[in-house]
Amino acid sequence: MRLELQSYLTTFQLAKEKLSEYGEKIDEFFIIEGLLKYIEDALESLLNNDIIGQKTNDFFDYLEDYRNAVEEYKEHYWKVNTF
């Protein structure tokens, strides 16, 4: 998820630069620049904060460990019961 957000932020920043080039011709472009800055700050805030809580991360880690243990058990069970 973090990789997608970083990619989106990079794309947004590039688009913001291009838009700013055209916006120099508009008298009240500062309003749009303020909105763009607000969006950029919000994206950066999402990237800098832990989006999911630690308990959720721990739960996903547990599920991954459980899945790995089950796969190991299946392989071991197959070996023991084959011979």
Side-chain angles (χ1 to χ4, degrees):
M1 173 111 156
R2 195 168 298 281
L3 185 61
E4 289 87 2
L5 278 174
Q6 182 61 50
S7 174
Y8 187 77
L9 177 61
T10 303
T11 304
F12 178 79
Q13 288 170 335
L14 292 172
K16 181 182 165 193
E17 286 177 23
K18 291 291 182 185
L19 187 59
S20 293
E21 292 173 9
Y22 298 110
E24 294 172 355
K25 301 171 186 170
I26 301 172
D27 291 336
E28 296 180 0
F29 188 69
F30 69 93
I31 297 171
I32 296 172
E33 282 183 318
L35 292 172
L36 294 174
K37 179 68 175 149
Y38 180 79
I39 294 169
E40 185 176 16
D41 290 345
L43 288 171
E44 287 174 351
S45 174
L46 283 174
L47 277 170
N48 294 329
N49 293 327
D50 194 13
I51 296 170
I52 22 186
Q54 187 58 44
K55 290 191 184 252
T56 305
N57 284 331
D58 291 344
F59 178 69
F60 286 136
D61 289 342
Y62 169 78
L63 287 179
E64 184 177 357
D65 291 343
Y66 177 78
R67 187 189 71 219
N68 292 337
V70 167
E71 289 300 318
E72 210 170 294
Y73 172 76
K74 284 181 186 177
E75 185 177 323
H76 176 72
Y77 182 80
W78 180 82
K79 287 178 182 176
V80 169
N81 288 320
T82 303
F83 297 111

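The first residue of the sequence shown is numbered 1, and numbering continues consecutively from there.
Residues that satisfy the side-chain hydrogen bond (donor to acceptor under 3.5 Å, both in side chains) test with Ser20, not counting sequence neighbours, are absent from this structure. For Ile31, the side-chain contact (heavy atoms from CB on, under 4.5 Å) partners are Glu28, not counting sequence neighbours.
Expressed to the nearest 0.5 Å, how far CG of Asn68 lies from OH of Tyr66 amounts to 12.0 Å.
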Mind listing the side-chain donor-acceptor pairs of residues 34-44 below 3.5 Å, one per line with the distance, residues two or more places apart or on another chain?
{"from": "Lys37", "atom 1": "NZ", "to": "Asp41", "atom 2": "OD1", "distance (Å)": "3.1"}
{"from": "Glu40", "atom 1": "OE1", "to": "Lys16", "atom 2": "NZ", "distance (Å)": "2.6"}
{"from": "Glu40", "atom 1": "OE2", "to": "Gln13", "atom 2": "NE2", "distance (Å)": "2.9"}

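Crowding of Phe12 atom CZ: a count of heavy atoms from other residues, nucleotides or ligands under 6.0 Å exceeding 12.
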